[in-house]
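Written below as structure tokens is the structure these notes are about.
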Amino acid sequence: MWVAAGCGWRRREWGVSFLVVADDAARPGAVVVVAVSDQGAPGDRTVVDARELPALVAAREQDRPRWVWDDTDRWYPPLLAAGSRVERAYDLRLCHAILRRSATCDRSGLALAPAGLWDEARRQEHALPELTLFDDPASAATPTAGADGDGGGANLGGVLDDVARLDGKLDVVDELAAQLAAVAGSRAPGRLRLLLAAESTGALIAAEMHHDGMPWSVDVHDALLTRALGARPVHGGRPPRLDELAAQVRAALGNPSVNVDSPPELLRALRSAGLDVATTRTGELREQTHPVVAPLLAYKKLARLLSANGWSWMQAWVHEGRFRPQYVPGGVVTGRWATNGGGALQLPASVRAAVRADPGWKLVVADAAQLEPRVLAAMSGDAAMAAAGRHADLYQGVVDAGIVDTRAEAKYAMLGAIYGATTGPSAVLMPQLTRAFPRAVALVEDAARAGERGEVVSTWLGRSSPLPGAAWQEVVARAEGELARPDDVRAARGRRRDWGRFTRNFVVQGTAAEWALCWMAALRRRLLALDGRPHLIFFLHDEVMVHAPAAAADDVAAAIVAAAAEAGRLLFGDGPVDFALDVSVVDSYDQAS
DNA sequence: AAGTTCCGCGCC
DNA sequence: AGGGCGCGGAACTT
């Protein structure tokens, strides 16, 4: 029945009943809600008009079900708009992608089936129910019925045909059953359940953050742009400060006509002015001593600010004092999130002052200190590395343990190990690192070797890497053929090493992403218990931001810390690794440490 | 003219 | 010659 029991994914069991939500293929404009047991057996079935769904959700939510649907960003935004939030969900498409690829259930029916509609990225037209959900069902019925072949006059150029086809074939109850079976047959079902629950909760959070938005002061942003660039040009031209710098660049080059915005043109001008550069990159320019360098670097910096986060960005992305990025959970192969539009994950430090709490509210900003090294220590069970992580600053812990001399070296060495540096300052530190942290280094080295062999690697919770593509296989095969030439062998070695660096990083970056999802999910649950509706407004790989009433800010900070500890326990049990945070309560984002 | 690729830079 | 991204605009392709 509808009654749910248990405390959910923390027990590493579902512990709840599922409520599957889907379009009713037989009745356009209607939504069917099916109760499904933990084992995937369907039970009670209710059909409601789509417009009644928010009320139904609100009513059933008190039983704490896990809502199951094909795509969170198809179903949840209309519910949020109607004021209905849910605690738990299960996003079939995101979970399908994980399960299809996971090496821990690679013999499942789900994994062995040919690719189908669930493997396709959700198409834009598939989002149509956002319209029909609150529209007059009668008007939605006409074109969809037409798609069934009874020639329903006006339709929207095939778009609705597509929806009808999808609804007919995407049987969400069957898919849920297939996924539950895959998990049950997995070699690590508990970890997978945690991953799928965390991924799905992430999708809820992404939709909620989009709905709530980041408080964004266009006044602060405008003042900051004006101070840096000069007054906003009326019709699109260059702001005055940029114009001045461009003139200085041309003067320094003795070239009155060079277009500073054209890299090839600029490069030619730089070279004829005697600079020894192969590109116009900042790093290369910085090594030159020439009067053009200073104004050119200043120009590039400001031009970047203008084009990436200038007035047109503001106009496009900030509305009613809120910046609403479109997050894409699972958008990165490693499990990290991506974003669509607005560049939310690349918000430069120079504009963060524009993120300002509402009056009477605070921003609580927290980031996990040296997350990836800590995750590596936990995954590998490297006690010495965990001990270094006992220090709030893991890199300083590495110095204190006498492994390297400076914090900078510790950081270089650690990131070099995780990224696979083979040359330069970080590579030379590898022998020391290997002696000090043998298990941690062995874990990433093993992942790299597997990748070089073209094998799959997996994160702690069971997200697996893709196989290298056809081009990779071809290059590698050619080098092993009878007619292989030295060039072929070299090329193959390069491709193998490239893929090894990818898989090396995959296991750490992907597990860090899992920790971060669990952190955020645990935090979200704690925030629900606090007064004044503090809510997540930003997430950036290892950093979260909560918009909180001032009176709740300290409780929120405590919740963030507790959630980090909970995430560590969820993934790694009561292991020895601390996940240290930097937490600040501020009025604007630039004030966060 | 419109679509695609590449560069350079922003973030972790 | 360190991993993962997104974006704007120039450069290039059709």
Side-chain angles (χ1 to χ4, degrees), chain A residues 236 238 259-267 277-286 296-297 299-313 316-317 325-352 367-373 375-376 411-430 433 444 447-448 451 457 459 463 465-466 490-491 493-495 497-513 515-516 538-544 582 589:
Chain A
R238 253 191 208 134
N259 176 5
V260 185
D261 293 321
S262 163
E265 215 180 303
L266 178 61
L267 180 61
V277 289
T279 71
T280 63
R281 283 197 199 111
T282 300
E284 211 173 336
L285 288 168
R286 232 194 300 271
L296 181 51
L297 292 178
Y299 179 87
K300 285 165 77 89
K301 193 158 185 61
L302 293 181
R304 170 79 191 177
L305 172 65
L306 176 66
S307 77
N309 296 99
W311 289 283
S312 41
W313 178 92
W317 295 106
Q326 191 82 50
Y327 293 96
V328 186
V332 177
V333 276
T334 56
R336 275 185 173 181
W337 287 15
T339 52
N340 269 339
L345 301 187
Q346 297 107 255
L347 205 64
S350 55
V351 300
R352 292 184 177 183
D367 72 285
Q370 306 92 38
L371 177 58
E372 293 191 355
V375 161
L376 175 55
K411 183 173 177 176
Y412 261 125
M414 208 61 86
L415 294 179
I418 293 170
Y419 291 155
T422 52
T423 61
S426 67
V428 302
L429 296 164
M430 283 302 289
L433 204 68
V444 289
V457 298
T459 61
R463 190 190 302 263
S465 65
R490 230 184 334 269
R493 196 160 51 220
R495 301 302 285 266
R497 283 188 182 152
D498 289 346
W499 200 256
R501 280 195 298 277
F502 166 63
T503 53
R504 171 199 295 269
N505 185 249
F506 182 95
V507 295
V508 180
Q509 186 185 115
T511 304
W515 181 89
F538 190 57
F539 170 54
L540 181 54
H541 308 317
D542 61 359
E543 176 175 348
V544 296
D582 291 318
Y589 190 15

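dG4(C) atom P lies 22 Å from atom CD of Glu543(A), rounded to whole Å. Between the CZ atom of Arg504(A) and the P atom of dA1(C) there is a distance of 16 Å, rounded to whole Å. For the pair Tyr327(A) OH and dC12(B) P, the computed distance is 13 Å after rounding to whole Å. Counting to the nearest Å, the P atom of dC5(C) and the CZ atom of Phe539(A) are 15 Å from each other. If you measure from atom CG of Asn340(A) to atom C1' of dG6(C), you get 9 Å, rounded to the nearest angstrom. Atoms CG (Asn309(A)) and P (dC9(B)) sit 16 Å apart, rounded to a whole Å. Look at OH on Tyr299(A): it is 13 Å from P on dC9(B), rounded to the nearest Å. Rounded to an integer number of Å, the gap from NE2 of His541(A) to C1' of dG3(C) is 12 Å.
Each of Gly341(A) and Arg336(A) was matched to the nucleotide of DNA chain C holding its nearest heavy atom; the match closer to the 5' end belongs to Arg336(A).
The CG atom of Leu347(A) sits 6.0 Å away from the CG atom of Asn309(A) when rounded to the nearest 0.5 Å.
Of the listed nucleotides (dG2(C), dC11(B), dG4(C)), dG4(C) has the atom at the smallest distance from the side chain of Asn505(A). Checking dC11(B), dG2(C), dC9(B) against the side-chain heavy atoms of Arg501(A) singles out dG2(C) as nearest. For Leu540(A), the side-chain atoms get nearest to dC11(B) when compared with the rest of dC11(B), dG6(C), dG4(C). Here dG10(B) is the nucleotide among dG8(B), dG10(B), dG2(C) with the atom lying nearest to any side-chain atom of Lys301(A). Comparing dG4(C), dC9(B), dG2(C) by their nearest atom to the side chain of Phe502(A) picks out dG4(C). The listed nucleotides are dG6(C), dG8(B), dG4(C); the one nearest the side chain of Thr279(A) is dG8(B).
For Ala369(A) against Asp582(A), the heavy-atom pair with the smallest separation is CB-OD2, 4.4 Å. Here the shortest heavy-atom pairing between Ser426(A) and Gly416(A) reads OG-CA, 3.8 Å. The shortest heavy-atom contact between Arg504(A) and Ala448(A) is NH2-CB, 3.7 Å.
With sequence neighbours left out, the side-chain hydrogen bond (donor to acceptor under 3.5 Å, both in side chains) criterion links Thr334(A) to Gln509(A). For Phe538(A), the ring-ring contact (aromatic ring centres under 6.0 Å, His included) partners at least two apart in sequence or on another chain are Tyr589(A). Evaluation of the side chain to side chain contact (heavy atoms under 4.5 Å, CB included) rule for Ala417(A) yields Met430(A), Leu433(A) as partners, not counting sequence neighbours. Residues passing the salt bridge (Lys or Arg N to Asp or Glu O under 4.0 Å) test with Arg495(A): none are found, sequence neighbours excluded. Taking Leu306(A) as the reference, Leu229(A), Pro239(A), Leu242(A), Trp311(A) meet the side chain to side chain contact (heavy atoms under 4.5 Å, CB included) condition, with sequence neighbours excluded. In this structure Tyr299(A) satisfies the ring-ring contact (aromatic ring centres under 6.0 Å, His included) test with no other residue, sequence neighbours excluded. Remark: Glu265(A) engages Val258(A), Asn259(A), Ser262(A), Arg268(A) in a side chain to side chain contact (heavy atoms under 4.5 Å, CB included) (not counting sequence neighbours). Partners of Thr279(A) under the side-chain hydrogen bond (donor to acceptor under 3.5 Å, both in side chains) rule, at least two apart in sequence or in another chain, are Glu284(A).
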Q | Per-nucleotide protein contact string for nucleotides 9-14 of chain C (B base, S sugar-phosphate only, - none; heavy atom under 4.0 Å) | A | SSS---

Q) Reading nucleotides 1-6 of chain B from the 5' end, what letters show protein touch, with B for base, S for backbone sugar-phosphate only, - for no heavy atom under 4.0 Å? A) ------

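As judged by a 4.0 angstrom heavy-atom cut-off over every strand, Val333(A) is placed among residues touching the sugar-phosphate backbone only. Heavy atoms of Arg497(A) sit nowhere under 4.0 angstrom from any nucleic acid atom. Using a 4.0 Å heavy-atom cutoff across all strands shown, Gly342(A) reaches sugar-phosphate atoms only and no base atom.
The shortest distance between the side-chain N/O atoms of Thr339(A) and the OP1/OP2 oxygens of dG6(C) is not below 4.0 Å. Between dG8(B) and Thr280(A), a contact under 4.0 Å exists linking OP1 or OP2 to a side-chain N or O.
The aromatic rings of His541(A) and Phe539(A) sit perpendicular, their planes meeting at an angle over 60°, well past the 30° parallel limit.
No hydrogens or angles were tested; on distance alone, a donor-acceptor pair under 3.5 Å links the side chain of Ser426(A) to the base of dG2(C). Contact of Arg281(A) with dC9(B) (side chain to base): no donor-acceptor pair of N or O atoms is detected under 3.5 Å.
End-to-end axis angle of the helix from dA1(B)-dT14(C) to dC12(B)-dG3(C), from C1' rotation axes over five pairs per end: 10° (rounded to 10 degrees).
When atom types are taken as modelled, the side chain of Thr503(A) and the backbone of Gly500(A) share a donor-acceptor pair closer than 3.5 angstrom.
In this structure, Tyr419(A) forms an aromatic stack with the base of dG3(C), since both conditions hold: centre separation below 5.5 Å and plane angle below 30°.
Within 6.0 Å of atom CZ in Arg497(A), 12 or fewer heavy atoms from other residues, nucleotides or ligands are found, so the atom counts as exposed in its surroundings. Surrounding NZ of Lys411(A) are at most 12 heavy atoms belonging to other residues, nucleotides or ligands under 6.0 Å away.
Applying a 4.0 Å cut-off to non-hydrogen atoms, the residues of residues 343-351 of chain A that approach DNA chain B are Leu345(A), Gln346(A), Leu347(A), Pro348(A), Ala349(A), listed by residue number.
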